[in-house]
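Each chain gets a letter, A, B and so on, in the order its sequence line appears, and its residues count up from 1.
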Amino acid sequence: MEKKTAHTHFSNQQLAETFRLIADLLEIKGEVIYKVLAYRKAADSLEHMGQSAEELWQENRLGEIPGVGKAISEKMDELFSTGQLQFLEKLKAEVPVGLAELLQVPDVGPKKAKMFWKELGVTNVAELETAARAGKLRDLPGMGEKSEARILAGLEALSRRTTRTPLGVAWPFANEIARWLGSLPGVVAANPAGSLRRMRETVGDLDISAATEDPAPVMDAFIHHPRVIEVFAVGDVKSSVEFDNHLRAQLWLHRPEQYGTALLYATGSKDHNVRLREIAQTMKLSLSDRSFLQPDGSEKFYATEEEVYAVLGLPWIPPELREDRGEIQAAKAGRLPHLIEVKDIVAELHSHSTWSDGQASILEMAQAAQQRGLKAIAITDHSHSLGVTGGMTAEDIRARMAEVREAQAKMGDSFTILQGAEVEIRNDGRLDYPDEVLAELDVVIASLHTGLRQPKEQVTARLIKAIQNPHVDIIGHPTGRLIPDREGADLDMNPVLQAAKESGVALEINANPSRLDLDDIQSRRAIEMGIPLSINTDAHSPDNLDFLMYGVATARRGWVEPQHVINAWPVEKLVQWLKR
DNA sequence: GCCGTTTTCGGCCCGACTGTTTTCAGTCG
């Protein structure tokens, strides 16, 4: 059959946004909630699947997407074929589209949005603010002065809130709070939960769970933590605050004997939990955050997640896998991956010294790596065309070799320093050094730093040309994205992955929490294709080496095992691979 | 609107918190 050609291209992200908008407008209109949830579920699937919906559409395979049935398939078909969606246009004529953004305001949901629209003619956030300031909200049914003030505060928070918080900011802070909670009298356990525990690259609010027999003093201590600047809600089991760094956090308290179900519930993801509850239902059990409800109405409590999974006939599933991306089926079949861990990494293959924009000498970087238990480090300073970094010329590389040898002598035989460079991929896809210079290096990383906004065909061809250079070992931060500010290059990933597979080049998972590039989904596709990965910190100073945990976390979310990662191999095997 | 080795029709998670209420509605996770 002939392949279909799209009238208009839509990325999965764009499709997801379209269906989320439909869901919001339908909900405000008052459509049955399950129809609304169905659109949101389809949007989630589109966002989280590794494949492009447009490709599936071309092959008439849209129905394979979980949560996409006849109606939503037809809507995507119309979008690809015509660039339009009549259903949405009619919906917009019924419900002002600006009302959807009202749902972003804390304490404003579909019911209130509809009421503000019908009673006051409010159709967007700006009009809501005007109405609230004029004191018009307080007289509406179910509203009062307090509700009006909360919405005003919510509007202010909304204008202040930028984006989701990068993991690299949220993780250290949440753990500091959790450790502090754990040190309070009577607290048996305290953990970050939610997307933070699943190590998603960005997180919204922080979810923290703790176990104690005596919740009142713990809750009281929490809301009076010296860094808390606002308390939004406080109850016996749950409270919600904002810290002075503008991170918001919820604390859930549970009795220690219920902590297993509680932590599982709070960790999510929502979809993972839904699957677990479905399994429970087949066993005539009802799983909640507090217990398993038995058919006779009694409850059984479990203190650990391991016990909860065991009741369901499953092994414990690492939080990074809990995204409903096949982990439950794998657990059932006894085929969970043996996920890579930080301790599996033996070598850092992407680091910088004072020979380019790094802050430390080669020896200092090597010593810092050794202190962290590594057996080898590649010093991969920038090449000269990346002017801002003070990159090396070919002559600099030869001069640097002497310093590497000196540092190697001081480090002794138990630690290896590799000669490397992070070579710029120029605008035409050629590398910054001639082949004979590249041949002298142990490790060649090729990276894009400029021209990331080139058209898809051009930037993809450029990267593939670099992949095909026989001296290149690793592609550094392949897409060039920066979290949360900059989208990566508009790469066509299929041919890029295919080229990496054919050339046997490793793709990097850059562990810098502002990069995490490749991401979890792309990493999983790469290992499924048999492409080797390399997890590196891109350290510009000794303490940057501690970014490793974020790269490993991203790899774990991508189901990566140690054998997939070249710098988790024994050093001898790694060195041999580099010489291939 | 989606989905099905319990169903092609009838489910789809539900409890905590707040505010405005005299027993509940809306929001949130």
Requested in this report: Examine dG1(B): is either OP1 or OP2 under 4.0 Å from a nitrogen or oxygen in the side chain of Y39(A)? Give yes or no.
Outcome: yes
Query raised in the report: Using a cut-off of less than 4.0 Å, is there contact between a side-chain N or O of S147(A) and OP1 or OP2 of dT20(B)?
Result: yes
Requested in this report: Could you work out the separation of dG26(B) and dG11(B) based on their C1' atoms and round it to a whole Å?
Outcome: 24 Å
Query - Qualifying residue for side-chain hydrogen bond (donor to acceptor under 3.5 Å, both in side chains) with E27(A), from K114(A), R40(A), K111(A), K35(A) - result: R40(A)
Query raised in the report: Just checking K41(A): base, sugar-phosphate only, or nothing, at a heavy-atom cut-off of under 4.0 Å?
Result: nothing
Query raised in the report: With the threshold set at 4.0 Å, does a side-chain nitrogen-carboxylate oxygen contact exist between E55(A) and K4(A)?
Result: no
Query raised in the report: At under 4.0 Å between heavy atoms, what does D236(A) touch on the DNA or RNA strands: base, sugar-phosphate, or nothing?
Result: sugar-phosphate
Requested in this report: Could you measure between the two C1' atoms, the one in dC3(B) and the one in dT8(B), and give it in whole Å?
Outcome: 9 Å
Requested in this report: Looking at every strand, decide which applies to V32(A) at a 4.0 Å heavy-atom threshold: base, sugar-phosphate, or nothing.
Outcome: nothing
Query raised in the report: Going by atom types alone, do Q13(A) and E47(A) pair a side-chain donor with an acceptor below 3.5 Å?
Result: yes
**Report entry** Salt bridge present between R197(A) and E305(A) (N-O < 4.0 angstrom)
**Finding:** yes
Query raised in the report: Separation of D107(A) atom CG from dA25(B) atom P, in whole Å?
Result: 18 Å
